[in-house]
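Below is one structure, written out as structure tokens; the observations come after it.
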Amino acid sequence: MSLNEINGVGSAWTDEGTGTPLVLVHGFPLCRGAWAAQVEAFKGSHRVIAPDLRGLGESGITGPSPVTMDLYAEDVKALMQRLGTGPAVLAGHSMGGYVVLAFARRFPELLRGLVLVATRSGPDSPEGAAGRRATAEKVRAQGASVVVEAMAPKMLATGNTDPDMPARVRALMAPSRPDGVIAALLGMAERPDATPGLAALKVPVLVISGTSDILIPHAESEKMAAAIPGARLVLIPEAGHLVALEQPAPFNAALREFLAGV
Ligand code: MLT
């Protein structure tokens, strides 16, 4: 673990292994621990880098709020520059997917491949954005637990009976700071539509989703894959929104096969 300034923010990240860099960007309101099974599985073959986005996990937050998806993407780029990675394969889960799509638009020269996990390219509907702003107000008044309580039960497949999983999911959300959660909510509410950029992607793309995702239905992945030239789509059964954590074996197999061709 490191805690150092990236773009003026005290930031934490994981950096393990050597080889082609694989940068894993977590979702909301999670942290890099969501990728633990991927760090373990790929550090023998890749340089695996997983940041805590500013205001989430162990990373601090200073500077602007909302944090736009572009600003998170700039943080990822600054981290890659600091670590001297050169072009990398970027994987983004959910909000992390919004971030890596912003990264692909802004910094295509630093991209070798893209993995879009349980995410979508479209923006929030006006009602969805208004809901996020209302939630941000609640977090301001009552703390980040408002979001944890609302989201934790929706992260897993409804059929998941693993008794340890709910506590693991909550532990991934627990470190999130209220100001970080608010900044992310407001940033997501104002994110632009990334759909027009999909056809222009020039790198290999893997789109992965769980078939039991109730937060971002897998139809979103199907739409994105259809819009990206040459994209590979993998749907994983018995997996909810946290597909990489919930079904690491099929997830890692799909990722490994993809990485072999990048
Ligand atoms: C996430 O897991 O990052 C969130 O569900 C994304 C969102 O709220 O749009």
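Every number for a ligand or one of its atoms is a count from 1 in the order of the listing. Nothing here was measured: the structure is a model prediction, and the numbers come from that model. Computed from heavy atoms alone, side chains included, the values below leave out hydrogens, waters and symmetry copies.
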**Request:** Taking atom types as modelled, find out whether His241 and Ser94 have a side-chain donor-acceptor pair closer than 3.5 angstrom.
**Result:** yes
**Asked** Would you say the side-chain atoms of Thr14 and Arg32 include a donor-acceptor pair closer than 3.5 Å?
**Response** yes
**Request:** Could you see which bit of Arg132 sits under 4.0 Å from ligand 1, with heavy atoms only: side chain, backbone, both or neither?
**Result:** side chain
**Request:** Using distance alone, decide if ligand 1 has a nitrogen or oxygen within less than 3.5 Å of any nitrogen or oxygen in Leu30.
**Result:** no
**Request:** Please confirm whether Met95 comes within less than 3.5 Å of ligand 1 when only nitrogen or oxygen atoms on both sides are compared.
**Result:** yes
**Asked** Looking only at non-hydrogen atoms, which of His241, Arg120, Met188 approaches atom 2 (O) of ligand 1 most closely?
**Response** His241
**Asked** Taking the side chain from Ser176 and the backbone from Leu56, do they hold a donor-acceptor pair closer than 3.5 Å?
**Response** no
**Message:** Please tell me whether Thr68 and Asp70 have a donor and an acceptor in their side chains that are separated by less than 3.5 angstrom.
**Reply:** no
**Item:** For Gly27, the ligand 1 atoms whose distance to one of its heavy atoms is below 4.0 Å
**Value:** 3 (O)
**Prompt:** To which protein heavy atom is atom 6 (C) of ligand 1 closest, and what is the distance rounded to 0.1 Å?
**Reply:** Ser94 OG, 3.1 Å
**Request:** Enumerate the atoms of ligand 1 whose separation from the nearest heavy atom of Met151 is less than 4.0 angstrom.
**Result:** 4 (C), 5 (O)
**Prompt:** Mind checking whether Met155 and Leu172 have side chains closer than 4.5 Å, heavy atoms only?
**Reply:** no
**Asked** How close does the nearest protein non-hydrogen atom get to atom 9 (O) of ligand 1, and which residue and atom is it?
**Response** Tyr98 OH, 2.5 Å
**Request:** Check side chain to side chain donor-acceptor pair (under 3.5 Å) between Glu40 and all other residues, then give those that pass, not counting sequence neighbours.
**Result:** Lys43
